[in-house]
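Small disclaimer: the values here were computed from a predicted structure and weren't measured.
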Amino acid sequence: QVQLVESGGGLVQAGGSLRLSCAASGRTFSYYTMGWFRQAPGKEREFVAGISWSAGTTYYADSVKGRFTIFRDNVKMTVYLQMNSLKPEDTAVYYCSARRAVAVINRPSAYDYWGQGTQVTVSS
């Protein structure tokens, strides 16, 4: 069982940066593949980035590649999403997720645990 709590969202101007954090509880965090998803009003939840349990594999949506970086600290049981060069279209609620499997998958249905979400708003 894993519980996830996101933080770090907020309001930022276009071109700015934010770092989201996702703190996990549970003794087996290091065995979980982690993902970040986002959902804008009226849209489906979409994959943003994922990282394998060993941090050996990362995977990004094309829309954020080169701007966002996912990384994790298994000792602190935290996964991060560094977001640079933010655009208004990045505005959404961002969710942290976990799945006890090796592969990084971009489908929400593949993830077993979810945080409550944190709002990111990028103004133009």
Side-chain angles (χ1 to χ4, degrees):
Q1 190 83 344
V2 175
Q3 293 184 329
L4 305 171
V5 179
E6 302 98 333
S7 61
L11 173 64
V12 64
Q13 289 188 331
S17 297
L18 282 175
R19 177 178 291 185
L20 305 183
S21 299
C22 173
S25 63
R27 292 177 294 177
T28 59
F29 172 78
S30 59
Y31 298 149
Y32 283 80
T33 290
M34 303 298 294
W36 284 98
F37 289 77
R38 67 187 181 187
Q39 189 166 17
K43 295 188 176 181
E44 293 186 352
R45 191 167 296 190
E46 65 173 358
F47 175 80
V48 175
I51 187 167
S52 62
W53 68 272
S54 66
T57 300
T58 57
Y59 180 32
Y60 297 92
D62 288 343
S63 59
V64 306
K65 206 171 290 184
R67 300 188 298 122
F68 291 10
T69 302
I70 186 171
F71 57 103
R72 66 190 293 165
D73 185 330
N74 286 344
V75 174
K76 294 182 178 179
M77 296 177 62
T78 302
V79 63
Y80 304 90
L81 185 68
Q82 177 67 41
M83 306 186 295
N84 299 328
S85 303
L86 282 161
K87 304 175 180 180
E89 51 263 44
D90 294 318
T91 295
V93 177
Y94 283 70
Y95 296 91
C96 175
S97 59
R99 67 188 299 263
R100 186 156 184 175
V102 172
V104 177
I105 302 294
N106 63 0
R107 297 190 313 273
S109 60
Y111 289 78
D112 304 305
Y113 304 102
W114 293 86
Q116 82 288 350
T118 185
Q119 177 70 48
V120 171
T121 303
V122 184
S123 63
S124 57

Atom pair [atom1] ([X]) and [atom2] ([Y]), whose distance is rounded to the nearest 0.5 Å:
X: T121; Y: L86; atom1: OG1; atom2: CG; result: 10.5 Å
X: S97; Y: M34; atom1: OG; atom2: CE; result: 6.5 Å
X: L4; Y: M77; atom1: CG; atom2: CE; result: 9.5 Å
X: T118; Y: L18; atom1: OG1; atom2: CG; result: 9.0 Å
X: L20; Y: W36; atom1: CG; atom2: CH2; result: 4.5 Å
X: E6; Y: T78; atom1: CD; atom2: OG1; result: 12.0 Å

Inset, instruction - Please list, chain by chain and in numerical order, all residues satisfying side chain to side chain donor-acceptor pair (under 3.5 Å) with K65, sequence neighbours excluded. - result: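 K65 satisfies side chain to side chain donor-acceptor pair (under 3.5 Å) with D62 only.
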
Inset, instruction - Identify, with sequence neighbours excluded, every residue that meets side chain to side chain donor-acceptor pair (under 3.5 Å) alongside S54. - result: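 None.
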
Legend entry - Any residue meeting salt bridge (charged side-chain N to carboxylate O under 4.0 Å, His left out) with R107, in chain and number order, not counting sequence neighbours: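 Here no residue qualifies.
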
Inset, instruction - Identify, with sequence neighbours excluded, every residue that meets salt bridge (charged side-chain N to carboxylate O under 4.0 Å, His left out) alongside R72. - result: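 None.
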
Pair listing, ring pair (Phe, Tyr, Trp, His ring centres under 6.0 Å) test, anchored in [range], at least two apart:
range: residues 61-91; value: F71-Y80
range: residues 6-26; value: none
range: residues 45-66; value: F37-F47, F47-Y59

Legend entry - Minimum-distance pair of heavy atoms, taken over all atoms of S17 and S85: OG-N, 4.3 Å

Legend entry - Heavy-atom pair with the smallest gap, counting every atom of P88 and A14: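 Scanning both residues completely, I find the closest heavy atoms to be CD-CB, 4.1 Å.
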
Legend entry - Sequence neighbours excluded - salt bridge (charged side-chain N to carboxylate O under 4.0 Å, His left out) pairs with any residue from residues 41-53: R38-E46

Inset, instruction - Take atom CD of Q13 as the centre, draw a 6.0 Å sphere, and report whether it contains more than 12 heavy atoms from other residues, nucleotides or ligands. - result: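 For Q13, atom CD is not crowded (no more than 12 foreign heavy atoms under 6.0 Å).
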
Inset, instruction - Give the cluster check for L81 versus V104: same hydrophobic cluster or not, with ILVMFWY residues linked at side-chain heavy-atom distances below 4.5 Å. - result: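 L81 and V104: separate clusters.
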
Inset, instruction - Answer yes if M83 and Y95 sit in the same cluster of Ile, Leu, Val, Met, Phe, Trp and Tyr residues linked by side chain heavy atoms under 4.5 Å apart, and no otherwise. - result: no

Legend entry - V5 and Q3: CA distance, side-chain angles, deciding distance, side-chain contact (heavy atoms from CB on, under 4.5 Å) verdict: CA-CA 7 Å; V5 179; Q3 293 184 329; 5.8 Å; no

Scan [range] for pairs that pass disulfide (SG to SG under 2.5 Å), counting only residues two or more places apart or in two chains.
range: residues 39-69; answer: none
range: residues 39-114; answer: C22-C96
range: residues 51-90; answer: none

Inset, instruction - May I ask you to decide if V102's main-chain N or O and S52's side chain share a donor-acceptor pair within less than 3.5 Å? - result: no

Legend entry - Sequence-distant partners of A101, side-chain contact (heavy atoms from CB on, under 4.5 Å), two or more places apart: R99

Legend entry - Residue pair Y113 / R100, side-chain heavy-atom distance below 4.5 Å: no

Legend entry - Sub-4.5 Å side-chain heavy-atom contact between V79 and I70: yes

Legend entry - Evaluation steps, side-chain contact (heavy atoms from CB on, under 4.5 Å), between Q119 and L11: CA-CA 8 Å; Q119 177 70 48; L11 173 64; over 6 Å; no

